[in-house]
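Contents: one structure, followed by commentary.
Positions are given from 1 along the sequence.
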Amino acid sequence: MPSTMPADVLARRRQLTLNGDADGFADLFAPDAVIEAPFAGPPGRPARLEGREVIREYSRHVMASPLRLEDFEVVELHQTQDPEVVIAEMRTKGTVTTTGRSFVATSIQVLRIREGQIVLFRDFADPRVLEEVIGEPRPGA
């Protein structure tokens, strides 16, 4: 898929995420891809995932959780000087099915997309949003 543009990959990611397709989502990643979440997330959320199959297993776990996404949109997409790197401002809306609590979360994501596959995905999200709707605040928060 060398002609696949980053916006196309992100549109496909949106569709797969909203459809709850963990395997399709994982297939967007290169075999040696890395996902990083530099800010501490909810309990059980790893700060780094390495490799497509690890991403696949984690994605299956997340998509089987009570977290249901209702919208997942790229608000802004910025191309950097490096043609493989884009910066996306994301807005995610969803509900925690066990509590009925809804949320809206924004994040900045930095992605390196090479030949139609995500090779690096850094998600800069505020973990407090999910902690508030899940009801598991961090110590000292």
Side-chain angles (χ1 to χ4, degrees), residues 1-139 141:
M1 291 189 280
S3 64
T4 304
M5 301 296 295
D8 299 328
V9 174
L10 296 177
R12 181 81 178 129
R13 178 182 72 156
R14 177 185 188 276
Q15 177 186 17
L16 293 165
T17 300
L18 290 175
N19 289 339
D21 185 346
D23 290 319
F25 174 81
D27 289 339
L28 293 174
F29 290 82
D32 59 348
V34 173
I35 294 178
E36 296 177 343
F39 300 132
R45 180 179 177 199
R48 184 177 173 91
L49 300 171
E50 295 183 42
R52 180 189 296 148
E53 295 313 310
V54 172
I55 293 167
R56 182 181 317 281
E57 285 307 310
Y58 184 73
S59 299
R60 286 176 179 165
H61 170 75
V62 170
M63 291 185 188
S65 77
L67 189 65
R68 292 295 169 257
L69 300 184
E70 294 146 11
D71 198 10
F72 182 73
E73 69 175 310
V74 176
V75 177
E76 295 285 338
L77 182 62
H78 303 278
Q79 181 66 56
T80 67
Q81 290 183 336
D82 182 334
E84 293 185 347
V85 178
V86 293
I87 300 169
E89 179 184 344
M90 302 297 301
R91 181 178 303 123
T92 305
K93 296 177 184 178
T95 302
V96 178
T97 60
T98 54
T99 64
R101 295 171 79 181
S102 61
F103 66 92
V104 176
T106 58
S107 67
I108 300 297
Q109 299 176 349
V110 180
L111 298 100
R112 178 174 296 277
I113 300 172
R114 181 179 300 135
E115 297 179 2
Q117 292 189 311
I118 301 168
V119 294
L120 178 62
F121 170 32
R122 285 192 183 111
D123 188 15
F124 296 90
D126 183 349
R128 294 174 296 184
V129 172
L130 284 181
E131 290 168 355
E132 289 172 9
V133 296
I134 294 171
E136 298 176 7
R138 288 180 295 155

What pair of heavy atoms forms the shortest contact from [X] to [Y], and how long is it?
X	Y	value
L111	A88	CD1-CB, 4.5 Å
T80	V85	OG1-O, 2.9 Å
P38	D123	CD-O, 3.4 Å
M90	V74	SD-CG2, 3.5 Å

Nearest 0.5 Å, please: how far is [atom2] in [Y] from [atom1] in [X]?
X	Y	atom1	atom2	result
I108	D126	CD1	CG	12.0 Å
E76	I87	CD	CD1	12.0 Å
F121	I35	CZ	CD1	6.0 Å
S59	E53	OG	CD	10.5 Å
M63	Y58	CE	OH	11.0 Å
D21	R12	CG	CZ	7.0 Å

If you define the side chain from C-beta out and look only at heavy atoms, does anything of [X] sit under 4.5 Å from [Y]?
X	Y	answer
F29	V54	no
R60	D23	yes
V9	Q117	no

Hey, does the side chain of [X] reach the backbone of [Y] with a donor-acceptor pair shorter than 3.5 angstrom?
X	Y	result
R112	V119	no
R14	F72	yes
Q79	P83	yes
T97	P66	yes
R91	T106	no

Q. Of R122, E89, R13, which is the lone residue that meets side-chain contact (heavy atoms from CB on, under 4.5 Å) with Q109?
A. R13

(Q) Would you call the rings of F39 and F124 parallel, tilted or perpendicular, taking 30° and 60° as the class edges? (A)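 Rings of F39 and F124: perpendicular, as their planes differ by over 60°.
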
